[in-house]
Protein chains: 2
Amino acid sequence: MADVAQAAEVSTQTVSRALRDPRSVGPETLARIEKAVRETRYVQNYAASHLASNRSMTVAAIIPTISTSIFAETIQGLTDVLLPEGYQVFLGHTDYTTAREEALVRSLAGRRPDGFFIIGTKHTQEATDILKRTGVPVVESWSWTPRPIDLLVGFSNAAAMMEVVDHLVARGYRRLTFAGMIKPGDHRAKDRLKGFLDAHGRHFPGVEPRVVTTTSGPMVMEAGVELLERVRRDHPETDAVVFASDVLASGALLKCAALGVRVPQDLAITGFGNYDIAAHLVPGLTTIAIASRTIGMEAARLLLRRMQGEEVAARMVDVGFQLLARGST
Amino acid sequence: MADVAQAAEVSTQTVSRALRDPRSVGPETLARIEKAVRETRYVQNYAASHLASNRSMTVAAIIPTISTSIFAETIQGLTDVLLPEGYQVFLGHTDYTTAREEALVRSLAGRRPDGFFIIGTKHTQEATDILKRTGVPVVESWSWTPRPIDLLVGFSNAAAMMEVVDHLVARGYRRLTFAGMIKPGDHRAKDRLKGFLDAHGRHFPGVEPRVVTTTSGPMVMEAGVELLERVRRDHPETDAVVFASDVLASGALLKCAALGVRVPQDLAITGFGNYDIAAHLVPGLTTIAIASRTIGMEAARLLLRRMQGEEVAARMVDVGFQLLARGST
DNA sequence: AGCGATAACGCCACCGCTAACATCTCCGTT
DNA sequence: AACGGAGATGTTAGCGGTGGCGTTATCGCT
């Protein structure tokens with residue numbers, strides 16, 4: 001910056017001003033500085049800027065995994081709103097483990113982001129403490145809680161799952177089985193199971209609910225195939241399988257086609273998430289659509305407002321969900 | 001840090017040392033400092049550390065989009081190797097536009113990462129200049145070029161596509177059509193088309209190659225459905241459709257099932273990428289498998305070695321590809 | 001006992017930039 | 001002509017750490 005200042009024959013302070021708010025310097029001074037920046041190929045050092053101004057112009061985002069396109073859309077929404085405002089997004093993934101989440105929160109907090117975005121509402125005590133003490137806005141998401149750390153953009157996974165069960169019962173299915181991958185740190189999957197159990201208890205009081213789960217492994221279609229096989233072996237009376245994710249449901253649905261199991265006559269199948277594939281499968285997959293991109297965008301808007309010093313009226317935003325009934329039920 | 005130093009009754013310098021290399025301080029001093037860190041809930045400020053030490057402990061990663069799980073795996077591989085070494089990954093996506101790539105390179109360079117990872121080998125002159133002048137290692141990937149900026153971990157998209165064509169011809173298909181989404185900044189898709197055209201010219205000299213493309217829109221299965229419809233309308237003689245991506249091919253394959261078009265008897269279909277879905281479709285999708293995760297891990301290892309001051313012998317790593325012949329051909 | 005080597009720790013300057021305040025210039029107003 | 005105000009620019013003092021070097025204590029060896 002000193003080189004630029006010298007080339008433009010101004011002080012470094014004026015260069016700094018020209019870069020952060022071009023209107024705050026005279027027009028021909030600005031032109032000289034811009035020319036000098038180009039000629040010296042100057043690239044600003046944000047670390048120094050951060051240290052001096054106490055604003056990092058970054059937002060930390062913590063997601064369970066990036067391999068799942070549904071969270072990717074949320075991140076895409078988040079960055080699409082934040083980038084034009086000059087904020088960079090620091091992304092970390094936890095692989096659904098709380099230990100890694102805590103380490104990540106600590107590490108990211110060390111970068112002093114101006115805001116946090118995190119998927120989920122359940123964290124370790126330590127992680128929660130750090131998030132609360134950073135002094136910057138925090139958005140939790142993709143779940144629901146009456147008492148968020150700070151801000152919340154989410155929906156009730158349990159309520160969504162209840163709607164799936166209601167739908168199946170309305171269509172005449174009576175012997176439902178829940179199938180899902182429930183990793184230790186995946187509270188959203190747990191909420192979905194809870195929703196299933198609640199609704200099942202409501203519709204079929206006294207009937208033992210059928211549940212088949214795995215607790216580890218990659219979230220791929222093959223896992224859905226394996227869950228389907230366990231359902232057919234352990235609960236052959238099942239007439240509808242409620243999967244915790246579209247990925248699993250898709251694997252199962254395609255397997256049914258290969259096995260000659262007719263969907264939805266022999267077996268109904270539901271998913272969760274409305275992934276790209278859901279509408280294209282034959283038959284189409286009944287599922288819950290989540291406004292994944294909207295969550296990211298809404299979170300970004302809340303963060304922006306708070307980072308710019310404004311108050312936000314609604315600290316909790318329920319983006320809801322939508323049941324999409326397709327051929328698989 | 002001053003608070004910690006006071007609580008532990010040492011100088012800040014000793015605290016700093018304890019944090020960056022615990023063995024460099026006495027054992028009971030270390031214990032006092034660790035206790036003080038916990039009690040004061042101290043979280044290190046990496047911005048200051050970065051400024052003073054001239055190492056940011058970050059790596060910048062630039063990818064076209066995060067919504068595509070195949071790049072996500074590469075990033076997962078990258079972070080899985082870098083995180084244990086204390087490096088954070090700064091992720092930016094370009095949406096396949098060169099203008100945005102340039103802006104992103106500039107912005108990320110301002111964060112002074114200790115290394116760059118970028119997908120693709122074709123960038124604007126300006127972006128290339130910045131990358132070269134940063135003085136830190138740069139890994140380009142997912143493509144191939146004889147003259148990378150610095151390091152390269154990739155494969156030849158064109159060669160992979162030629163293998164697909166060779167395979168189809170060997171299976172007896174004669175009227176091939178290429179179908180793909182080729183966004184302006186997507187040089188990998190262009191390479192795939194080039195590979196198709198080369199192989200087609202080799203097998204069918206003098207025959208006009210059939211090509212159907214779109215240049216914009218989201219990369220979703222619906223786009224594959226639309227491409228399939230255009231192929232069937234504009235080139236009804238086609239007996240094999242070579243898609244530039246598994247996403248498109250999957251959409252088309254599922255659509256064929258819905259339309260009653262028999263695959264591979266009436267129409268063969270190939271994809272690219274070996275996405276999760278490819279093996280589960282009925283029939284299975286013939287495609288090119290890319291060691292997506294390996295690319296990220298290998299890139300991370302190269303970066304690490306260079307960031308730790310070592311030289312790397314092989315600056316260019318060809319991870320290759322593998323044709324997976326399945327039922328769709 | 002004297003010496004040098006080593007380990008443990010402290011002091012100082014500085015990393016590159018910006019907040020806050022000071023200064024200067026140029027107006028329009030009275 | 002004197003004055004006040006606004007806009008443009010410069011000066012100063014850090015932001016929170018770390019590199020480099022100096023100091024002190026300890027210990028083994030001659």
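Residue numbers begin at 1 in each chain, while the letters A, B, ... track the order of the sequences.
Under the 4.0 Å criterion applied to side-chain N and carboxylate O atoms, A:R100 and B:D80 are assigned as salt-bridge partners.
The CG atom of A:L51 sits 18 Å away from the P atom of D:dA13 (whole-angstrom rounding). One interatomic measurement links the two molecules: CD of B:Q44 to P of D:dG17, which rounds to 7 Å at whole-angstrom precision. Rounding to whole angstrom units, CD of residue A:Q13 and P of C:dC24 are separated by 17 Å. We find that CD of B:E28 is positioned 16 Å from P of C:dA7, with the value rounded to whole Å.
Note on A:S11: every side-chain N or O is 4.0 Å or more away from OP1 and OP2 of D:dT9. Contact annotation: A:T29 reaches the phosphate of D:dT9 (side-chain N/O to OP1 or OP2, under 4.0 Å).
Counting non-hydrogen atoms under 4.0 angstrom, A:S49 reaches the backbone sugars and phosphates but no base. Residue B:R17 is classed as a base contact, given a heavy-atom separation below 4.0 Å to a base. Within the 4.0 angstrom heavy-atom criterion, no nucleotide atom of any strand lies near B:N54. The residue A:V15 sits apart from the nucleic acid: no heavy atom pair falls under 4.0 Å.
In the set C:dG10, C:dC17, D:dG10, C:dC17 carries the atom at the smallest distance from any side-chain atom of A:Y42. Out of C:dG16, D:dG17, C:dA19, the shortest distance to the side chain of A:A52 is found at C:dG16.
One finds the CG atom of B:L51 at 6.5 Å from the CG atom of A:N45 (value rounded to the nearest 0.5 Å). The distance from atom OG1 of B:T14 to atom CD of B:E9, rounded to the nearest 0.5 Å, is 12.5 Å.
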Show your working on side-chain contact (heavy atoms from CB on, under 4.5 Å) between B:Q88 and A:L108 and close with a plain yes or no.
-> CA-CA 8 Å; B:Q88 271 291 334; A:L108 291 176; 3.8 Å; yes
